[in-house]
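Read through the structure below, which is laid out as structure tokens, and then see the notes.
Remember, it's 1-based here, ligands and their atoms both numbered in the order they're listed. Computed from a prediction, not measured in an experiment: that's the story for all the values here. Along the sequence shown, the residues carry numbers beginning at 1.
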Amino acid sequence: MANEAQPQAEVHQHQHQHQHQHGQGAQPTPGMHPSFMRVIQQRQRVKEKLSNIRHKIGVYSAKGGVGKTTVAINLAYALKEKGFKVGLLDADIDCPNVTMFLGMDEKMEPVLPLKPIDNHGVKIASTAMLVDELKRPMIWRGPIIVKMLGDFFENTDWGDLDYLICDLSPGTSDAPLTIMQVLDLDGFIIVTTPQKVAGINSIRSGLMAKRLNVSVLGVVENMSSGKPSEKTMEVVRTLDTEFLGTIGKRDAIADITDNGKVHIFEDQDIKKEFSAIVDRITGK
Ligand SMILES: Nc1ncnc2c1ncn2[C@@H]1O[C@H](COP(=O)(O)OP(=O)(O)OP(=O)(O)O)[C@@H](O)[C@H]1O
Ligand SMILES: [Mg+2]
């Protein structure tokens, strides 16, 4: 994984290779179907818009409810605590929970470019900040999702960031696939739990990401007993990736969430766990 201590030139080289892996360098060519051309042009605009963000990391799982949003939020704040400039993108458009978890009810100013909202030092953007939650269309599928996410990414001004953490919707449907392709992520962190079924699904989601040439940066075991389960370590071996750490199963987590607080600010043990994970991510 890219390391903050890396000389700038090496980081650029890494990003350059990465773009090629994704086919992001594709250029519109004469005779190309106009809709395909529009998609390529939009990706280029998104890329330009995000060019001042050094690392973009997705938090992902095939299975719902394993703790992606919890992990994404705390990773973002743990990175910020280490002195990095951090943004948190709620890219789960079906159930955008980030703002709810953080107890935020601000809406982004409806002027372009959209400006993420600062919450205790982390810049937050969510589709939930654009529309009234209750009036939000519940079913967004296929091309609409692609268009909507593309427009949102293209029109959000994050400024200069060290890390953008993206909370994704679960599964292998349109939304996470679109995000992988449009955002040109460095890769994913897979969140799993000690259960066998979570492990099997994590392997599935990891293999899907790899098939799309998106790297699996590592695996976090959430709701853990403290020692990673055999299944979690099998996920790590099968995906040929890194084990990043465990987050213990704690009743306090749901209470802290319900109160709109950030877990690492409320509980020293949780803070230590996320701090260790962030040190592995940043290569410290
Ligand atoms: N380590 C933990 N210990 C106890 N409860 C947890 C832990 N991590 C998350 N939870 C609780 O589990 C529930 C699901 O967590 P979260 O919403 O973060 O999962 P998710 O993977 O983002 O879900 P979805 O797939 O719906 O987006 C929440 O109520 C959260 O408070
Ligand atoms: Mg979630």
Side-chain angles (χ1 to χ4, degrees), residues 57-78 88-104 122 124-129 133 136 138-140 145 149 164-180 188-195 197-202 204-206 208-209 216 218-229 232 235 243-278:
I57 297 177
V59 178
Y60 180 59
S61 71
K63 192 167 167 288
V66 295
K68 288 177 297 300
T69 302
T70 306
V71 169
I73 288 173
N74 286 285
L75 277 182
Y77 282 93
L88 175 59
L89 169 64
D90 187 349
D92 183 346
I93 70 165
D94 295 321
C95 282
N97 285 340
V98 167
T99 49
M100 190 173 70
F101 276 33
L102 292 172
M104 297 172 72
V122 170
I124 318 271
S126 166
T127 54
M129 289 173 171
E133 188 78 3
R136 198 165 51 82
M138 296 301 289
I139 305 165
W140 280 343
I145 288 187
L149 287 174
L164 179 65
I165 303 293
C166 308
D167 180 24
L168 301 174
S169 42
T172 51
S173 63
D174 293 317
L177 295 182
T178 299
I179 289 156
M180 285 181 212
F188 285 119
I189 290 171
I190 291 184
V191 179
T192 189
T193 64
Q195 285 75 36
V197 61
I200 291 166
N201 284 311
S202 297
R204 236 177 26 157
S205 47
M208 181 198 76
V216 177
V219 176
V220 169
E221 184 181 277
N222 188 31
M223 308 193 194
S224 174
S225 66
K227 184 175 174 290
S229 74
T232 295
V235 175
F243 175 65
L244 296 172
T246 58
I247 308 298
K249 186 170 168 59
R250 294 187 184 85
D251 292 340
I253 292 209
D255 291 340
I256 295 169
T257 304
D258 284 347
N259 289 317
K261 301 261 169 68
V262 176
H263 307 87
I264 62 161
F265 295 154
E266 303 296 313
D267 184 309
Q268 285 307 309
D269 292 334
I270 301 177
K271 186 173 178 166
K272 267 188 224 145
E273 289 170 334
F274 276 99
S275 176
I277 291 171
V278 158

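Here the heavy atom of the protein found nearest to atom 29 (O) of ligand 1 is Ala254 CB, 4.7 Å. Nearest protein neighbour of atom 30 (C) of ligand 1, counting heavy atoms only, is Thr70 OG1, 4.0 Å.
Counting protein heavy atoms under 4.0 angstrom from atom 4 (C) of ligand 1 gives one or more. Within a 4.0 Å radius of atom 18 (O) of ligand 1, the protein contributes at least one heavy atom.
With a heavy-atom cut-off of 4.0 Å, Asn222 touches ligand 1 through its side chain alone. Neither the backbone nor the side chain of Val71 has a heavy atom within less than 4.0 Å of ligand 1. Both the backbone and the side chain of Lys68 come within 4.0 Å of ligand 1, judged by heavy-atom distances.
Near Gly64, the atoms of ligand 1 lying under 4.0 angstrom from a non-hydrogen atom of the residue are 25 (O). Near Asp92, meaning under 4.0 Å from one of its heavy atoms, ligand 1 places the atoms 27 (O). Atoms of ligand 1 lying under 4.0 Å from any heavy atom of Phe101, numbered from 1 in the order shown and given with element: 17 (O), 18 (O). Near Thr257, meaning under 4.0 Å from any of its heavy atoms, are these atoms of ligand 1: 31 (O).
When side chains are defined from C-beta on, Met129 counts as touching Ile124, because their heavy atoms get closer than 4.5 Å. Counting heavy atoms from C-beta outward, Thr257 and His263 have side chains that approach closer than 4.5 Å. Looking at heavy atoms from C-beta onward, Val262 lies out of side-chain contact with Phe101 at the 4.5 angstrom threshold. In this structure, the side chains of Thr246 and Ser225 stay at 4.5 Å or more apart for every pair of heavy atoms. Side-chain atoms of Ser202 and Val219, non-hydrogen and from C-beta on, never get closer than 4.5 Å to each other. Within the 4.5 Å cutoff, the side chain of Leu75 has heavy atoms near those of the Val278 side chain. Between Ile247 and Ile277, some side-chain heavy-atom pair lies under the 4.5 Å cut-off.
On a distance-only criterion, Thr69 and ligand 1 share at least one N/O pair closer than 3.5 Å. Residue Gly65 has at least one nitrogen or oxygen atom sitting less than 3.5 Å from a nitrogen or oxygen atom of ligand 1, judged on distance alone. Between Pro170 and ligand 1, not a single N/O pair is under 3.5 Å apart. Distances between N or O atoms of Ile253 and those of ligand 1 include no value under 3.5 Å. For ligand 1, none of its N or O atoms has an N or O atom of Asp251 under 3.5 Å away. At under 3.5 Å, not a single nitrogen or oxygen of Lys63, backbone or side chain, sits near a nitrogen or oxygen of ligand 1.
Distance CD/Glu221 to CD1/Ile190: 13.5 Å, rounded to 0.5 Å. If you take CG on Leu102 and CG on Asn259, they are separated by 12.5 Å, rounding to the nearest 0.5 Å. One finds the CG atom of Asn222 at 10.5 Å from the OG1 atom of Thr232 (value rounded to the nearest 0.5 Å). For the atom pair Ile270 CD1 and Arg250 CZ, the distance stands at 5.0 Å (nearest 0.5 Å). Rounded to the nearest 0.5 angstrom, Glu266 CD and Ile253 CD1 are separated by 12.0 Å.
Within the structure, the closest approach of Cys95 to ligand 1 does not fall below 4.0 Å when heavy atoms are considered. Heavy-atom distances between Gly248 and ligand 1 reach below 4.0 Å in at least one pair.
The option with the heavy atom closest to atom 11 (C) of ligand 1, from among His263, Met223, Arg250, is Met223.
Asp90 places a side-chain N or O within 3.5 Å of a backbone atom of Asn97 that can act as its donor or acceptor partner.
With 2.8 Å as the limit, Thr69 counts as an N, O or S neighbour of the Mg ion (ligand 2).
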